[in-house]
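Single-structure report; data block below.
Bear in mind the structure is a predicted one, so any value in this text is a computation, not a measurement.
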Amino acid sequence: MRKLIAFDDDTFDKLTQLGRDRMATIQELADEAFADVLKKHGIPIDLKDALRKSARLSSAKTEKIAKQKKSKARKATS
């Protein structure tokens, strides 16, 4: 899918120079930048990231439930 993004001349020149310095295309720089924004906001980039996030959430819920059960068991024996 293609979408257009507008840059002012100065920003485009700096991106072009950065691409030359890193031997990367503007597309590669944009992919990296957008991936960083998604990561910053906790949005999975691909299926692998989504599965990792889901597994962490599931594990955290399981641990929370186990702690609650232990706490209730301690209160019942007191």
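The salt bridge (charged side-chain N to carboxylate O under 4.0 Å, His left out) pairs that include a residue from residues 41-51 are Asp49-Arg52, where partners are two or more places apart or lie in different chains. Counting only residues at least two apart or in different chains, side-chain hydrogen bond (donor to acceptor under 3.5 Å, both in side chains) contacts with residues 3-16 comprise Asp8-Thr11, Asp10-Lys14.
Other members of the cluster containing Leu4 do not exist, because no ILVMFWY side chain is joined to it at under 4.5 Å. Residue Met23 belongs to no hydrophobic cluster, having no ILVMFWY side-chain heavy atom closer than 4.5 Å to its own.
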For residues 30-40, which side-chain N or O atoms pair as donor and acceptor with protein atoms under 3.5 Å away, sequence neighbours left out?
residue: Asp31; atom: OD1; partner: Gln27; partner atom: NE2; Å: 2.8
residue: Glu32; atom: OE1; partner: Arg22; partner atom: NH1; Å: 3.2
residue: Glu32; atom: OE1; partner: Arg22; partner atom: NH2; Å: 2.8

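Between the CG atom of Leu29 and the CG atom of Leu15 there is a distance of 6.5 Å, given to the nearest 0.5 Å.
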